[in-house]
Protein chains: 2
Amino acid sequence: MYKFAKETYKYAFNFGWEIMKQRYERLMEIRRLIGQSQISSQDELMRLLEKQGFELTQATLSRDLKYLKVAKMPDDRTGYVYVLPGKEQESRRADLATTADYGFVSIDFAQGLGIVKTLPGHAGSLAYTIDQLNAYEVAGTVAGDDTILIIPRDGVTRHDLVSLLQLKVPGLIFQPVH
Amino acid sequence: MYKFAKETYKYAFNFGWEIMKQRYERLMEIRRLIGQSQISSQDELMRLLEKQGFELTQATLSRDLKYLKVAKMPDDRTGYVYVLPGKEQESRRADLATTADYGFVSIDFAQGLGIVKTLPGHAGSLAYTIDQLNAYEVAGTVAGDDTILIIPRDGVTRHDLVSLLQLKVPGLIFQPVH
DNA sequence: GTTTCTTTTGCAAATTTATACATTTTATTT
DNA sequence: AAATAAAATGTATAAATTTGCAAAAGAAAC
């Protein structure tokens, strides 16, 4: 939804001399389409624009996207998606946990249990985060000061567990300091 | 700066069975490089990694970047830059004004002056924002309720003015409602 | 209206990025 | 340790994106 209804924003770009009206309408439409749907290539976007009655080549689209500062980012669903400036964050918030500093140090396995090492004092909060995932794979956790014991359910492999954590706790493995 | 010094994070990925140590070190280095410098192509990144002693092909890099969810976004300086997830925002904060809702409607020119129309009551705040730019091009502004008069300095063209505003007030032209 | 200057766009080529497939490497199981 | 399974990587190629250049379209100046 844009602030100006079509009728209105049509004139929002009247620079006094009928500049680039068509181009700006196209740019608006591009923003709308990208904000609304998961677009993963310029050709795909081009086809959508053509349906709307715009005529253009992919080369122009490349320039438009550059002008609009639209980024192309990897996406689990579609492979890659175009995202509007400022919207990148939102699209990453699907996961429960945020990219906070968990104090994670390492994970190891023994006796069918996962042993997570953390910085001193960080075990509790990371264990809590893991509990909050409510994941089937995790039967329960026990936290000390700098160590967490993860008890996997029967049949859950260490690999399943690592996958789960990597998927649901982004930033756990690669955690830069702010 | 990473939380774990090299010596430490070397072992942060000991999953109990010597998994992918080399790969993870490379991934860490990629994150470091991308966070630190303005990298605009995979080949460029590859060369940097080779200097660090890593051996790999561009294909692997493409996969690594996908895994790390590194986005490629347009950048005024370098054309395009790779950005870490969560860091996109920061790289856009160089400009004074933020992507707020300015109530901007249109801009026109007459008598050598710029006439900006805004939504009712928005003239004052947008004029203030423009004043805060402290731009040479603008000798001064006068704001009513929904209209701003911009007085350009001698020799400043309407084009200069539009360029200035587009450059310094991102989102002025394309402003989606939140 | 005509001329001049600027911007936009398409075309084609260059560059950059992604991926299918085969191979190697690494982990898991027996 | 051997066999099996899974993951990572290179090679070659396909796909996608960017860009130089020339033409067209649009504004500005005259």
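Values below: all heavy atoms of this structure, side chains included; hydrogens, waters and symmetry mates excluded. Per chain, numbering begins at 1; letters A, B, ... match sequence-line order. Keep in mind it's a predicted model, so treat the numbers as computed, not measured.
One can place CZ of Arg23(A) at 17 Å from P of dT6(C), the figure rounded to the nearest angstrom. The distance from atom CD of Glu25(B) to atom C1' of dT26(C) is 16 Å, rounded to the nearest whole Å. Following rounding to the nearest Å, Leu45(A) (CG) and dA16(D) (P) show an atom-to-atom distance of 13 Å. Spacing between atom CG of Asp64(B) and atom C1' of dA7(D) amounts to 13 Å, rounded to whole angstrom units. The distance from atom CG of Asp160(B) to atom C1' of dT6(C) is 13 Å, rounded to the nearest whole Å. Met46(B) has its CE atom 13 Å from the C1' atom of dT9(D), to the nearest Å. Atom CD of Glu50(A) and atom P of dT9(C) are 14 Å apart (whole Å). Taking atom CZ of residue Phe54(A) and atom P of nucleotide dT8(C), one finds them 16 Å apart after rounding to whole Å.
With sequence neighbours excluded, no residue satisfies side chain to side chain donor-acceptor pair (under 3.5 Å) with Asp43(A). A search for side chain to side chain donor-acceptor pair (under 3.5 Å) contacts involving Ser62(A) returns nothing, not counting sequence neighbours. With sequence neighbours left out, Glu44(A) forms a side chain to side chain donor-acceptor pair (under 3.5 Å) with Ser40(A).
For dT9(D), one of the phosphate oxygens OP1 or OP2 lies less than 4.0 angstrom from a side-chain nitrogen or oxygen of Arg26(B).
Taking Ile, Leu, Val, Met, Phe, Trp and Tyr as hydrophobic and joining them when side-chain heavy atoms fall under 4.5 Å apart, one finds Ile115(B) in a cluster with Leu113(B), Val142(B), Leu149(B), Ile151(B).
Within 4.0 Å of Glu44(A), counting heavy atoms only, lies no atom of the nucleic acid at all.
Because its NZ or CZ atom is not both nearer than 6.0 Å to the ring centre of Phe54(A) and within 45° of the ring axis, Arg23(A) does not count as a cation-pi partner of that residue.
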Summarise how protein sits on nucleotides 14-21 of chain C as a single string, 5' to 3': B when a protein heavy atom is under 4.0 Å from the base, S for sugar-phosphate-only contact, - for no contact. --SBBBBB
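Residue pairs meeting the salt bridge (Lys or Arg N to Asp or Glu O under 4.0 Å) criterion with at least one partner in residues 50-67 of chain A, sequence neighbours excluded, are Arg26(A)-Asp64(A).
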